[in-house]
Structures are given as structure tokens and as C-alpha cells.
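What you are looking at is a predicted structure, and each value in this text was computed from that prediction instead of being measured. Naming convention: chains lettered A, B, ... in sequence-line order (proteins, then strands); numbering from 1 in each chain.
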4 protein chains.
Amino acid sequence: MRARSVTEQARRAQIVGAAIETLAGLGYAATSFKQIAARAGLSSTGLISYHFKGKQELVDEVYRQVVRQFADFVLGFMDQSDTAAGELRAFFTANLRFMRAHRSHMVALMQVRPHVSTRGEAGDHRKMADLLRAGRRAGEFREFDADTMAIFLLALRNGVLAKAAEDAALDLDLCERELLTTVALATGAHDMT
Amino acid sequence: MRARSVTEQARRAQIVGAAIETLAGLGYAATSFKQIAARAGLSSTGLISYHFKGKQELVDEVYRQVVRQFADFVLGFMDQSDTAAGELRAFFTANLRFMRAHRSHMVALMQVRPHVSTRGEAGDHRKMADLLRAGRRAGEFREFDADTMAIFLLALRNGVLAKAAEDAALDLDLCERELLTTVALATGAHDMT
Amino acid sequence: MRARSVTEQARRAQIVGAAIETLAGLGYAATSFKQIAARAGLSSTGLISYHFKGKQELVDEVYRQVVRQFADFVLGFMDQSDTAAGELRAFFTANLRFMRAHRSHMVALMQVRPHVSTRGEAGDHRKMADLLRAGRRAGEFREFDADTMAIFLLALRNGVLAKAAEDAALDLDLCERELLTTVALATGAHDMT
Amino acid sequence: MRARSVTEQARRAQIVGAAIETLAGLGYAATSFKQIAARAGLSSTGLISYHFKGKQELVDEVYRQVVRQFADFVLGFMDQSDTAAGELRAFFTANLRFMRAHRSHMVALMQVRPHVSTRGEAGDHRKMADLLRAGRRAGEFREFDADTMAIFLLALRNGVLAKAAEDAALDLDLCERELLTTVALATGAHDMT
DNA sequence: GATGAATGAGGCTTCATTCAT
DNA sequence: TATGAATGAAGCCTCATTCAT
């Protein structure tokens, strides 16, 4: 993989940004190169093809970029905790906070996810399951199958974010409080402080 | 809404059926009129346009039909219970059972949902919230905000089904057991028999 | 391979015809769907894609059709002879006569040949070599390697046709007389009447 | 025609060389500026446009250069003979030898020939016809029309080279022996030593 | 001279939809 | 009703070429 010039990186970022806006605003189906080029102020769709080998590469790049930003944001919160239960709590808090701060990125993520070529979601799942296993070994959680519980918790996270993405009026504070309680009960966490 | 002849209804059903198969087999993006017509044994895509005002109407009809079949299936289970907690338990059991019995319909549903014009999901949500409120009034559940909890439970349901839809090897029995326990804990149900 | 309706066959023939004209008039590089559609009086290039799976299929079909017409024409001449040398003579005569009668088809053939996916030229070669072998067994020709001589004779044929294709002023009658003599000498044919 | 600096000549030669490689390796259709630049180690296709007025000029230059190299090679052989028949023999020998020694140049030539704007082939033809006329005057050949025979002999040459270009397994030694015999018979050369 | 980013025309293809039969 | 041919818009992509640095 050859290096990319700074100019090129800037253009790619600009295009990815325009793609994110478009995805968030119009949905995946209506996100054509024409729309993206217009929103980015480019003179032709050819420029997009010039910087990305194909539509798939752009889509994948959008996904990677949002996911990375998202992961950075979330991990920033989680590092501060030292128990598994604490990390879990931080995980959900961070997710909702990201939603508040970067709504359109979140919506774009939801739109683009089904069309990504290689999803790193297996990673999400594995990390969550590992966290749960660690917590169980430490006696922080009740007895459950870690992989299955990981599915549940990620389902909760995804569902709540999806709801928030489509219903801007949702009360995220209430959601957050209830979510933490619910997760604590579901995992049998003695203490999630 | 004018009446539809029996022949027309049959044709529409045939087309909707082929659309479901196609959605389940190829995904939304690859589900063109051409594919649907081929799978339905029709000799022209024109016939689809003849019976449906546009692609949107077909998509909506697919959604309505699968949702109705799904709802019928699920409600059949729930009628047999008389406590809210019991109904909740039946709800999740029924959902997973439907997944086992009508996998392709479920997958089609997941594919088509993002493209439906008017989702009846508000209905899903309302019903779930009502059930939860009733249960709370009866003292079956712990204290929570019913609307928020409804979001959580539907998120769980959707996430598990989505997972099952994309990973055919998922152990649904294990999932079911864990899910019932988890839901009971999350809602504080004293008894979910 | 499903059957084709008569209408479809007509349209395909029309498109192939327009493609041949365009190839003969503008050369391969300038033969776009747009040009073909214009020459065929079609309202859009989409119609070409409707009748042919892709450009390659059209190109192949043009080739097949011209080659078949060409082969029919040539074989019509050759059937009348009973010696190998006579057939050879008829072959060259027929080739030049076809050039005179269907110039643009010949030119189109030259243009399209390098872009055909599966050339049946192996067939040409084999038939020619078989003819030469038969003639040698019958003692009509001198000693030579049949496969190599086949290459030579087909090279002669192709070269003369190519020359005639690009130079409309070429004296084909003179060419024909000289060619027959030359081939007779080259193959050591005792008699090519 | 203004003078070209030595640097410029070097660059042009480099580009032409890369174009030849590309033509031989990928065929004309796939020979874009991008490919040529990549193979030449240039970092921009703009440089090609800078040194050549347009694609046509590059194509023509490739043709000119290969043809010159080819002509030099062939003429080197022919100078050593003093009879017309001897020169003819040397001509064919040299052609096949060039094919063996510079296969990719030969293939590139075949690829590029149809797209050259002003072919110098008239020159080839004239030279061959002159040689034949000289030979006839000297009584070395039988009676024939020199221009027509020139067409035949060049057709033979082109056809054999084309065959060799597309079929790497062709036995060139056998080809050469048969070709010399055949040409001798065709031209009625008493002696082609 | 060289770079690499930008341009804009043009290519093929797919699609939902319309229309005559 | 049903057919299948026709339509035209829109999509992505490639290409030679231009331009500022």
C-alpha cells in the first residue's frame, strides 16, 4: 500500500465527509456519486473515482473512518475503569454520548453498515465477549453464556442507537439511566459504579 | 380503496412471494423487478408494474404481508397466557420459533425494513409498551419507564433475529433459554412461567 | 438457450446490421453503442443492452453472422468441385467474389476480428489443412507440410482481402488471375481447372 | 520541425519503450496512458501528454520506431545479396529472425498497426514491387504483375508473423524452410541460394 | 521539466416504467 | 389481463487532457 500525499488525504477526507453527510441526509439508496460530488463542491463524479478505486472502496472507507472515530471515542471512556462491570457501564455511556455529539456520523454508520464488504463486527463481538468472560472469572457477573450475552448487549446498543437515529426527539438521558440499570440487572452485576 | 378481484389478489400474492424469496436469497440491492419476475415465472416485469403502482408499493406490501404473518404467528402464542410476564415470555419464544420455521421470511423482513415508506413499527412499540404498563400495574415487574423498556426489549428481539438471520449456525435453543432469563432479570419479573 | 421471438430476432438483426455498417464506416474504436443506436434509429443505447447481454455479445454476434454469411457464400462455390485442387481454386475465387459483393461486411469482419472472444479461426485452419492433406494423398499437390501451407494460404487470403478492404481501387480481377496462378505454383498443383 | 533536446529525446524513447511493452503485454485496448506511465516508472500521465501532442502522436511514434528497427534489421541481411532472388530470400529469413529476436516488438507492431494515422506501408509495398521488377528484368522470376505479387508476398510475411505472434509454439524453423520453398515456386525463381 | 490533482466528455449498463398488441 | 419490446434517466467508471505548482 503506497503512501498518500497530504493533498490526497485531504481530498479523500473531504469526499468521505460529503459521503457521510449525504448518507445521513438522504439514506444509502439516494447516495450517488453525483450527490456526493455536489455536496463536496466537486466539478465531476470522475474525481471521486480518481481518488477511490470504486464505490465499494468509498463505502468501506466511510465505514472504517466512522467506526474508528466511534471506537476512539468509546475507548477513551472505557480506559478509565478497572472492573469489567465498570467498563461495561462506560461502554454504554460512551455510546450514547457519541450519539449526542456526532449524530450524523451515527446515522451514516447505520446506513452504510449493510453495504460494507468486510465488516469488523466480529471484532466488536469478540471484544464484548472477552470482557464478559473476564468479568465472570472475577465474579462480577452472574452465570451466563458469554457469547450469547454479548449478542444481547450489542443488540441493545444497536437498537437504542438505531432508535435514536430515527427519532431525534428521544430522551437520551432517560434512556441512559434506564439502560445502565437494565444492563446491571441483566448481567447480574453486583455493582456498576 | 377499490376492491380487488380474486385473480388479481392471487397475482399480487404470487409476486409478493417471489419478492420475498428474492430478498431472502439475494438481498435488497439485487432484488430487481427482473429477478422477481424470473422467480415468479412471469414473462414480463411489466406485469409487476401493472399490479403495483410502483416499486415502493411492492416493497410496502411485502413488509405488510410478512409482518402480518409474523404477528399472527406470535399472537397465537401470546393469547394462551394471562399474565403480562407470561405474555412477554411467549412473545420471545414465538419470535425465535418463527425464525426457525420461516427463516427466509425473516431474512426478507430484515432486508426490506429500511426501505419501507411507512413502518408500522410504532404499532409494535405501542403494543409492547402497553403490555409492560399493564404488567407494572399488576405488580409483575420492577419499576421502569415502560416506553424505554419497550425500546430495549424490541432492540433485543431485533438484534437476536438479525444475528440469527446472518449466522445460520447460531444455536437458537441456547439463545432462547438465555434470552428468557435475561429478560426476566431485566424487567424484574418475579415469575415468567 | 431459450428460443427467441421473431420480433427479437429482427431487432437483433437490425442492431447487428447497424453495427456492421458502423464498423465498416468508422472502425472498431469509434463504434460505440451511441453510434450504433443512431445508425439503427433506436431511441437509446439501452435498447442494445436490452437485446445483447453486453458489448462482447454484440461483437461476437457480428462476427458469427458475417462469418456464417461468408462461409455460406464460399462453400456454395466449393461444393461444385471434386478435386482438392479444384476446391482450393474455388475457395480463392469465392473469397474475392464475396469481397466484391459484400465489401462492408468484409471490412467489418477485419475490424471486429481482434476483439472477438472465441474465434472460430482454428476451424478455418483445420479445414484448410484437411483439404491440403486430402489433395496430397490424391497426388494432386507437391510435398509440403500441410499445416504450414495452410498458414500460408490463409495468410494470402487474409492479406489480399485486407488490402482490398483498405484500397477500394484495387483491381480484383487481376488479383484473382494472379492469385490462382500463384497458388497453383506454390502448392505444385498439376491442374487447377 | 523544431529540434529536440537530448533529455527530451531520452524521455520520449523511455515512454515509447514502455508503450511497446504495454502493447505487447496487454494489447491495444488496454494500453492507456496510466498503464504506460506505470510501466515507465513515471508518476504522472501528464508527462506523456507533455511530450506527445496527443495519443495519436505516441501511437505513430511507436509505429515509426518499431518499423525502423525492423527495417534496419531486415535491410542488414539483404545488403549481403546481389541477386533479386537472393534479396527476397534474405527478406523472409530476416523477418523470421527478427520475430525470434524481438518478439514483443513484433507483437506491439501488430497491435498498433490498425491505429496508426499514416502508415508507411506504401513504402514497404513500393520497395517490394521494385525488387520484383528488378528481378523480372534480370530474368530471375517468371512473368507476373509485380504490384500484385508484392501484395501476395507481403501478405505471406504479415500472416506468418501474425500467426507466430499469437501462437508462441509455432515451429519457426519449419516455417522458414517451407516459406522459402513456397516463395521460390510462387515467383518462379530459378535459384534462391 | 516534472508532478499529481482536476476536468469533463464519453462509455456501457441497469433499472423501473410505459405502451402497443 | 398479459406480454415483451421500448424508453430514458441515472448510475459508475475510464480516459486523455489540462493546469497550477
Side-chain angles (χ1 to χ4, degrees), chain A residues 4-12 29-37 41-59, chain B residues 5 7-8 10-11 29-37 41-59, chain C residues 4-12 29-37 41-59, chain D residues 5 7-8 10-11 29-37 41-59:
Chain A
R4 267 190 253 279
S5 81
V6 57
T7 314
E8 166 141 32
Q9 277 186 321
R11 260 282 183 266
R12 280 175 68 101
T31 297
S32 63
F33 276 16
K34 202 171 168 188
Q35 285 290 339
I36 297 173
L42 308 179
S43 62
S44 95
T45 66
L47 192 56
I48 301 178
S49 290
Y50 176 76
H51 286 286
F52 296 88
K53 191 165 34 177
K55 188 176 194 181
Q56 193 59 58
E57 188 181 314
L58 173 56
V59 162
Chain B
S5 83
T7 316
E8 165 141 31
R11 262 281 183 265
T31 298
S32 63
F33 277 18
K34 203 168 164 188
Q35 285 289 340
I36 297 173
L42 306 179
S43 48
S44 168
T45 65
L47 195 56
I48 301 178
S49 287
Y50 179 78
H51 285 286
F52 295 88
K53 189 166 34 174
K55 190 178 191 183
Q56 193 58 59
E57 188 181 313
L58 171 57
V59 162
Chain C
R4 267 192 253 279
S5 82
V6 55
T7 314
E8 166 141 32
Q9 278 187 320
R11 260 282 183 265
R12 279 175 68 101
T31 298
S32 64
F33 276 18
K34 201 172 169 187
Q35 285 291 338
I36 298 173
L42 308 179
S43 61
S44 96
T45 66
L47 193 56
I48 301 178
S49 289
Y50 176 77
H51 286 286
F52 296 87
K53 191 165 36 178
K55 188 176 193 181
Q56 193 59 60
E57 188 181 314
L58 173 56
V59 162
Chain D
S5 82
T7 316
E8 164 141 31
R11 263 279 184 265
T31 297
S32 63
F33 277 16
K34 203 170 164 187
Q35 286 291 338
I36 296 172
L42 306 179
S43 48
S44 168
T45 64
L47 195 56
I48 301 178
S49 288
Y50 179 78
H51 284 286
F52 295 88
K53 191 167 32 175
K55 190 176 192 185
Q56 193 59 59
E57 188 182 313
L58 172 57
V59 163

Whichever of A:Leu42 and B:Thr31 has its nearest DNA chain E nucleotide further upstream toward 5' =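 Final value for this comparison: A:Leu42.
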Once you round it to whole Å, what is the distance between [atom2] of [N] and [atom1] of [X]?
X       : N      : atom1 : atom2 : value
B:Phe52 : F:dT1  : CZ    : P     : 14 Å
B:Lys53 : E:dA16 : NZ    : P     : 17 Å
C:Lys34 : F:dA10 : NZ    : P     : 17 Å
C:Gln35 : E:dG10 : CD    : C1'   : 12 Å
B:Ile48 : E:dC15 : CD1   : P     : 12 Å
C:Arg12 : F:dA6  : CZ    : P     : 13 Å
B:Ile36 : E:dC15 : CD1   : C1'   : 12 Å
D:His51 : E:dT3  : NE2   : C1'   : 12 Å

If each of A:Gln56 and D:Leu47 is mapped to the nucleotide of DNA chain F with the nearest heavy atom, which maps nearer the 5' terminus, i.e. the 5' end?
->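 Of the two residues, A:Gln56 wins.
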Relative to the 5' end of DNA chain F, which residue comes earlier, A:Lys55 or B:Gly41, by the nucleotide with the nearest heavy atom?
->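 Its nearest nucleotide lies further toward 5', so the answer is B:Gly41.
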Looking at [options], which one has an atom nearest to any side-chain atom of [X]?
X       : options               : answer
B:Ser49 : E:dT17, E:dA6, E:dT13 : E:dT17
A:Ser32 : F:dA16, F:dG11, F:dT3 : F:dG11
D:Phe33 : E:dA5, F:dT3, F:dT17  : F:dT17

Which heavy atom in B:Ser44 sits nearest to a heavy atom in B:Ala37, and how many Å separate them?
->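 Minimum heavy-atom contact is O-CB, 4.2 Å.
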Between [atom1] of [X] and [atom2] of [Y], what distance do you get to the nearest 0.5 Å?
X       : Y       : atom1 : atom2 : value
B:Leu47 : B:Ser43 : CG    : OG    : 7.5 Å
A:Tyr50 : A:Thr45 : OH    : OG1   : 15.0 Å
B:Glu8  : B:His51 : CD    : NE2   : 5.5 Å

Close side-chain approach of [X] and [Y], heavy atoms under 4.5 Å:
X       : Y       : value
C:Ser49 : C:Phe33 : yes
D:Ile36 : D:Leu58 : yes
D:Leu42 : D:Arg11 : yes

Taking Watson-Crick and G-U wobble pairs with both distances under 3.5 Å, convert DNA chain F into its dot-bracket string, 5' to 3', dots for unpaired and | for cross-strand pairs.
-> .||||||||||||||||||||
Test for a donor-acceptor pair under 3.5 Å between the base of F:dT1 and the side chain of B:Thr7, counting only N and O atoms.
->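 Such a pair does not exist between side chain and base.
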Is the phosphate of F:dA6, meaning OP1 or OP2, less than 4.0 Å from a side-chain N or O of C:Arg11?
->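 Result: yes.
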Distance below 4.0 Å between A:Tyr50 side-chain N/O and E:dA5 OP1 or OP2 |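 It does, given that an N or O in the side chain of A:Tyr50 lies less than 4.0 Å from OP1 or OP2 of E:dA5.
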Name the nucleic acid region contacted by [X], choosing base, sugar-phosphate or nothing; use a 4.0 angstrom heavy-atom cut-off, strictly under.
X       : value
A:Ser5  : sugar-phosphate
D:Ser44 : base
A:Ser43 : sugar-phosphate

Is a side-chain N or O of C:Glu57 found less than 3.5 angstrom from the main chain of C:Lys53, in a donor-acceptor match?
->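 Present.
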